[in-house]
2 protein chains.
Amino acid sequence: MRDRRAERRESTRAEILDAAWEQVREHGLAALSLRDVARSVGMQPPSLYSYFDSKNAIYDAMYAQGARECVEAQQALKPLPDDQLEALKALLHFFVEFCAADFARYQLLFQRTIPGFEPSPESFKISEDNLAEIGEMLARSGVTDPGSLDLLTALGTGLADQQISNDPGGDRWIRLIDEAVEMFYEHITKKAKKPSKGRRTR
Amino acid sequence: MRDRRAERRESTRAEILDAAWEQVREHGLAALSLRDVARSVGMQPPSLYSYFDSKNAIYDAMYAQGARECVEAQQALKPLPDDQLEALKALLHFFVEFCAADFARYQLLFQRTIPGFEPSPESFKISEDNLAEIGEMLARSGVTDPGSLDLLTALGTGLADQQISNDPGGDRWIRLIDEAVEMFYEHITKKAKKPSKGRRTR
DNA sequence: CGGACTATCTAACATAGTTAGGAGTATCGA
DNA sequence: TCGATACTCCTAACTATGTTAGATAGTCCG
């Protein structure tokens, strides 16, 4: 049975990634040490290279893993409430809470923290597809024009960033999500009514 | 003249910091290499230790420098427009553009990117005082309650983060600042009119 | 059993931050 | 002016990092 081998290999890979996540959650994303990872799975450092081509390959696998977790968490949202306002609230809650749940993962997925590391096209595609789907969800919730989409994105990332940076474990910014979405929703509905293109204000 | 020495020392420190900034802007904040810095100022690596206690001490000095730059850029805003809406716009423009102007500086000041580095109390105080002053400015512009302040903070950091992460050199999110502030301002003025504490919506 | 494949090891290399200790030079008090 | 002091800069070396090369043992298949 050749599968036995592949299976064992895959499980060792997973073990290594688990150890890496633990490391990274403990000491910071950029502080990942191959030697410590190796030690914690009972190997010598060079042995890791049978499973990953480099340290960045490990980061890449972690990125893909994190992105897949994001997809899963997002699937759990479906079906979205019919009410557009509620749907938006649900989406933003999902995003902020996903980010706040794991700082290292947040950094890996959404910040350019590690010099020399960029997710591989395959890994990045997971995020990209996910983003596209969120875009569709938003479109179905009435957010169509690019500007509004950017604005909502900024609002979401801002809430997530503040939450995880300044109140990890708390809910200071999470509590603001509903209010923020209401503000945003009122704004775009008003904008839709009077599409005064040439801005006259001031 | 003992001053001569101190002066020369100070100028060498500045030279080192300049080299460090260049490094960091080129290769990423976390990729700062003492050896390269030393080489670029014409020294051997250990010689840097006459000027800074450690690599983190260099980061700390850079942090202080960045924070001071932030203070300066902010002073240039005064006097703020009397009109509250315009004042808020000016403040957010200042912040987003300050962030977008230098990614490495942004990371150093506003993200926890480097494991093991925390700004020293003295350096952090610069940021803190600055933040306090921004708080006052906002209060004078009508943003008083903590929730609204947090909301605006999230909006600002979100715009800045999206701008510098996804459109460096462009103005995609900068263009949204005015709209975002208008949205926010309308929201808080409306909230002030009917302070319905117990939320009844939904 | 023999041969291929694979996982793992040890040894070693380059580079990183950092420390120790010494050589040379400017500064200051007497 | 002279000797002591302090300071700057150096070389050498230590530890830790990611990574490569090459050898060794174990496992699977014909």
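Convention: sequence-line order gives letters A, B, ...; per-chain numbering from 1.
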(message) What's the angle between the local helix axes at either end of the helix from C/dC1-D/dG30 to C/dA30-D/dT1, using five pairs per end and rounding to 10 degrees?
(response)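 Here the local axes at opposite ends form an angle of 10°.
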
Integer-rounded Å distance: [N] [atom2] and [X] [atom1]:
| X | N | atom1 | atom2 | answer |
| --- | --- | --- | --- | --- |
| B/R8 | C/dT27 | CZ | C1' | 15 Å |
| B/D36 | C/dA14 | CG | P | 17 Å |
| B/E15 | D/dT8 | CD | C1' | 14 Å |
| B/F117 | C/dG17 | CZ | P | 15 Å |
| B/M43 | C/dT18 | CE | P | 16 Å |
| A/R39 | D/dA16 | CZ | P | 11 Å |
| A/I114 | D/dG18 | CD1 | P | 12 Å |
| B/R35 | C/dA16 | CZ | C1' | 6 Å |

(request) Please assess B/N56 against B/E118 for the test side-chain contact (heavy atoms from CB on, under 4.5 Å), listing each intermediate value before the final yes or no. (result) CA-CA 8 Å; B/N56 275 355; B/E118 262 191 303; over 6 Å; no

(message) Among residues at least two apart in sequence or on other chains, which ones pass side chain to side chain contact (heavy atoms under 4.5 Å, CB included) with B/D53?
(response)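 For B/D53 the side chain to side chain contact (heavy atoms under 4.5 Å, CB included) partners, ignoring immediate neighbours, are B/A57.
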
(message) So if I take residues 44-62 of chain A and measure heavy-atom distances to DNA chain C, which residues fall below 4.0 Å?
(response)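 Output list: A/Q44, A/P46, A/S47, A/S50, A/Y51.
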
(request) Answer whether the closest heavy-atom distance between the side chains of B/R140 and B/Q84 falls below 4.5 Å. (result)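 Counting from C-beta outward, B/R140 and B/Q84 never come under 4.5 Å.
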
(message) When you compare the side chain of A/M137 with that of A/L80, does any pair of heavy atoms fall below 4.5 Å?
(response)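 Result yes, sub-4.5 Å side-chain heavy-atom pair found.
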
Report, one line per pair, each donor and acceptor closer than 3.5 Å where one atom sits in a side chain of residues 27-34 of chain B; sequence neighbours left out.
unit_1, atom_1, unit_2, atom_2, d
B/H27, ND1, B/Q23, O, 3.4
B/S33, OG, B/R35, N, 3.4
B/S33, OG, B/D36, N, 3.2

Scan the side chains in residues 129-136 of chain B for donor-acceptor partners under 3.5 Å anywhere in the protein, sequence neighbours excluded, and list what turns up.
unit_1, atom_1, unit_2, atom_2, d
B/D129, OD1, B/K125, NZ, 3.4
B/D129, OD2, B/K125, NZ, 2.8
B/N130, OD1, B/Q74, NE2, 3.4
B/N130, ND2, B/Q74, OE1, 3.1
B/E133, OE2, B/K78, NZ, 2.5

(request) Select base, sugar-phosphate, or nothing to describe what B/T12 touches, counting heavy atoms under 4.0 Å on all strands. (result)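 No contact.
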
(request) Before accepting this row, confirm whether a basic side-chain N of the pair A/R13/A/E10 lies closer than 4.0 Å to the acidic partner's carboxylate O. (result)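 Salt bridge present between A/R13 and A/E10.
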
(message) Taking 4.0 Å as the cut-off, does a side-chain nitrogen or oxygen of A/R9 come that near to OP1 or OP2 on C/dA7?
(response)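 True: A/R9 side-chain N/O within range (under 4.0 Å) of C/dA7 OP1/OP2.
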
(request) Give the intermediate values and the outcome of ring pair (Phe, Tyr, Trp, His ring centres under 6.0 Å) for residues B/F184 and A/F184. (result) CA-CA 9 Å; B/F184 173 77; A/F184 173 77; over 10 Å; no

(message) Show every ring pair (Phe, Tyr, Trp, His ring centres under 6.0 Å) that has at least one partner inside residues 36-91 of chain A, sequence neighbours left out.
(response)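 Ring pair (Phe, Tyr, Trp, His ring centres under 6.0 Å) check on residues 36-91 of chain A returns A/Y59-A/F117.
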
